[in-house]
Amino acid sequence: MYRNALEQLKLWKARPNRKPLILQGARQVGKTWLMQEFGKLEFQRTFIINFEDDAHARGVFEEDLDVHRIMKALSIKAGYQITPDTLLVLDEIQACPQALTSLKYFCEKLPQQPVLAAGSLLGIFIHQRTSFPVGKVEFLHLYPLSFMEFLQAVGEKSLYELLLQRDFKTIKAFAYKYTDLLKQYFYVGGMPAAVAEFARTNDYQRVRQLQKELLQTYEGDFSKYPPSTVSQRIREVWHSIPSQLTKENKKFIYGVIRDGARAKEYETAIEWLQDSGLIYKVHRVTKPYMPLSAYQELNIFKIFIADVGLLGALSELNANTVIDGSSIFTEFKGALTEQYVLQQLKGMTDVFPYYWTSGERAEIDFVTQYENQIIPIEAKANTNLRAKSLKSYCDQYKPEIAIRFSLADYKQTGNLYDIPLYMVELFRQIIK
């Protein structure tokens, strides 16, 4: 299974002034596999420590933070000298806070030694600890497989390569096949275990079983890690998300959780889910001007979850509903489509989505900043290209580029780019 993040790790390795790198992402999104695969491809050796099940390794770091002594002890433990041609992997690092602190000293005293760190719910751990080595580490966020990664995983490499070539006439001839694969992705999503199982068996029922098991793991985390006063509210927020996204106005409403719910009761729960990598908050901007971050409204946002397949599982959508597009699916199709587009955008390292509304009259699903431009983005679930909100936005703000993702074929009309949903990841190359 190929992951685009491998290329980012290769760039990190090649940097002369690299720092230890912390890999973040939701539980079971493939962090450990990625570190192992990177070590296998790019280094002579990989030495992996899992702090959750290695008390001796925890003791090595808890003794003191002398990285030369630590490296000597780890070399003895490994049975060979750990040198810069060995990738040192510190997995489940949240189980050893001293190891997290040690990254500062690896940066300062042993910058030539490549060190990767990762851990379950590491985002929460980092957020809660004040002794974090600020400025001494780099970060890389790993997301579920994108649609184009999914194509490769299920053996459709030729279709993947055709998209890269942006040969729109030939792509149009295979639009039916891309659409079928896109529907499969809507159901399977991008969690590695689900994708691997689908690639092996083509069994939707087995995929849903794996997704349900993963959701149960997350539910267990809700009870195990946060304070008991917060865990129930985390669960309530989590289970409200499908209902939130089904609304025509997808702004997160606390009253959907329960009657009388207030923001201050659920702020910590939402923060916990965000730090765990399970949800994405997309804030509204008052004006689509540069920089967008300066115009975001912190108290007005939409919430999506990490993966479109998990959203379907959480919503109890069955395979026939998604793949065949039954009438039951009609209302929720827009929610899955918007979730899908957001998920592809989040996987791009330099794309930060917001959204825009004009009262009750118009809403643009996403706006993003790219090369000194603000680009409005509409996500359509089918081939219907009517977009009153996008026209209203363009009339008001005169953007140089506007994008509409749908199941229609590619075309450009003035400043408006109609791009198929299965090419979301390539929008930057297309508009160039």
Side-chain angles (χ1 to χ4, degrees), residues 1-54 56-58 60-61 65 67-68 70-75 77-78 80-127 129 132-145 149 192 275-277 347 349:
M1 183 178 297
Y2 178 78
R3 301 303 307 270
N4 294 330
L6 282 168
E7 302 306 319
Q8 297 174 57
L9 289 176
K10 291 175 185 177
L11 292 174
W12 167 78
K13 179 191 175 187
R15 282 199 291 273
N17 58 343
R18 68 166 180 248
K19 303 171 185 178
L21 187 143
I22 293 178
L23 191 61
Q24 292 184 275
R27 183 189 287 277
Q28 295 190 31
V29 81
K31 299 184 292 296
T32 300
W33 178 89
L34 179 66
M35 294 187 293
Q36 291 173 335
E37 185 72 3
F38 176 56
K40 189 192 324 181
L41 294 173
E42 295 293 319
F43 292 87
Q44 290 185 15
R45 287 175 166 146
T46 303
F47 183 59
I48 301 175
I49 295 170
N50 185 316
F51 287 108
E52 274 197 345
D53 57 17
D54 193 334
H56 179 263
R58 294 197 298 270
V60 168
F61 282 83
L65 293 175
V67 289
H68 295 287
I70 290 171
M71 289 300 291
K72 181 178 179 181
L74 294 182
S75 294
K77 186 176 177 65
Y80 54 84
Q81 189 67 29
I82 298 176
T83 60
D85 59 10
T86 301
L87 176 64
L88 178 59
V89 173
L90 307 179
D91 205 2
E92 302 298 350
I93 197 171
Q94 79 286 343
C96 183
Q98 283 287 88
L100 190 61
T101 305
S102 77
L103 297 180
K104 171 184 177 182
Y105 301 100
F106 274 104
C107 177
E108 294 176 348
K109 306 293 185 183
L110 279 177
Q112 71 275 17
Q113 178 61 49
V115 182
L116 288 183
S120 301
L121 305 179
L122 186 55
I124 295 166
F125 183 87
I126 291 171
H127 187 93
R129 298 298 190 278
F132 184 74
V134 178
K136 302 298 182 180
V137 295
E138 301 179 44
F139 291 94
L140 176 62
H141 199 108
L142 184 64
Y143 297 92
L145 275 78
E149 288 175 317
D275 287 341
S276 71
T349 54

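Sequence positions, counted from 1, serve as the residue numbers for this chain.
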Quiz prompt | Min side-chain heavy-atom separation Phe51-Gln94 under 4.5 Å | solution = no
Exercise. With the side chain counted from C-beta on, respond yes when Ile22 and Leu100 share a heavy-atom pair under 4.5 Å apart, and no when they do not.
Key: yes
Quiz item: Minimum heavy-atom separation for Arg27 to Ser120, with atom names?
Solution: NH1-OG, 3.5 Å
Practice problem: List the steps, then state whether side chain to side chain contact (heavy atoms under 4.5 Å, CB included) holds for Thr46 with Gln36. | Solution: CA-CA 7 Å; Thr46 303; Gln36 291 173 335; 5.9 Å; no
Quiz item: Between CZ of Arg45 and CG of Asp85, what distance do you get to the nearest 0.5 Å?
Solution: 8.0 Å
Quiz item: Are Lys104 and Leu65 side-chain neighbours, meaning at least one heavy-atom pair lies under 4.5 Å?
Solution: no
Exercise. Using a 4.5 Å cut-off on heavy atoms from C-beta on, say whether the side chain of Thr32 contacts that of Asn50.
Key: no
Quiz item: Once you round to the nearest 0.5 Å, how far does CG of Leu140 lie from CG of Leu9?
Solution: 5.5 Å
Quiz prompt | More than 12 heavy atoms of other groups within 6.0 Å of Lys40 NZ | solution = no
Quiz item: Do you know which two heavy atoms are closest between Ala26 and Gly277, and how far apart they sit?
Solution: CB-O, 3.6 Å
Practice problem: Apply salt bridge (Lys or Arg N to Asp or Glu O under 4.0 Å) to Arg58 and list each qualifying residue two or more places apart in sequence or on a separate chain. | Solution: none
Quiz item: Sub-3.5 Å donor-acceptor pair from the side chain of Arg18 to the main-chain atoms of Gln112, do we have one?
Solution: yes
Quiz item: If you look at every heavy atom in Pro144 and Val29, which pair is closest and at what distance?
Solution: N-CG2, 3.4 Å
Quiz item: Taking C-beta and beyond as the side chain, do Glu42 and Pro114 meet within less than 4.5 Å on heavy atoms?
Solution: no
Self-check item: Sidechain-backbone polar pair: Trp12 side chain, Pro20 backbone, donor-acceptor under 3.5 Å
Solution: no
Self-check item: Any donor-acceptor pair under 3.5 Å from Gln81 side chain to Ser75 backbone
Solution: no
Exercise. Kindly compute the distance separating CD1 (Ile82) from CG (Leu110), expressed to the nearest 0.5 Å.
Key: 11.0 Å
Quiz prompt | Close side-chain approach of Gln24 to Lys31, heavy-atom, < 4.5 Å | solution = no
Self-check item: Audit row: Gln113, Val67, side chain to side chain contact (heavy atoms under 4.5 Å, CB included) steps and yes/no
Solution: CA-CA 11 Å; Gln113 178 61 49; Val67 289; over 6 Å; no
Quiz item: Is the Lys NZ or Arg CZ of Lys77 less than 6.0 Å from the centre of Phe47's six-membered ring, within 45° of the axis?
Solution: no
Quiz item: CG of Leu103 to CG of Leu21: how many Å apart, nearest 0.5 Å?
Solution: 10.0 Å
Quiz prompt | No-hydrogen, no-angle side-chain donor-acceptor test under 3.5 Å, Gln44 and Thr86 | solution = no
Self-check item: Pair Asn4-Glu149, side chain to side chain contact (heavy atoms under 4.5 Å, CB included): steps then yes or no
Solution: CA-CA 7 Å; Asn4 294 330; Glu149 288 175 317; 3.5 Å; yes
Exercise. Can you measure from CG (Asn17) to SG (Cys107) and round to the nearest 0.5 angstrom?
Key: 9.5 Å
Quiz item: Which residue pairs pass the side chain to side chain donor-acceptor pair (under 3.5 Å) test with at least one member in residues 132-143, sequence neighbours excluded?
Solution: Arg15-Glu138, Glu108-Lys136
Self-check item: Between Glu7 and Tyr2: side-chain donor-acceptor atoms closer than 3.5 Å
Solution: yes
Quiz item: When rounded to the nearest 0.5 angstrom, what distance separates CD1 in Ile93 from CZ in Phe61?
Solution: 7.0 Å
Practice problem: If the plane angle is over 60° it's perpendicular, under 30° parallel, otherwise tilted; pick one for Phe38 and Phe43. | Solution: perpendicular
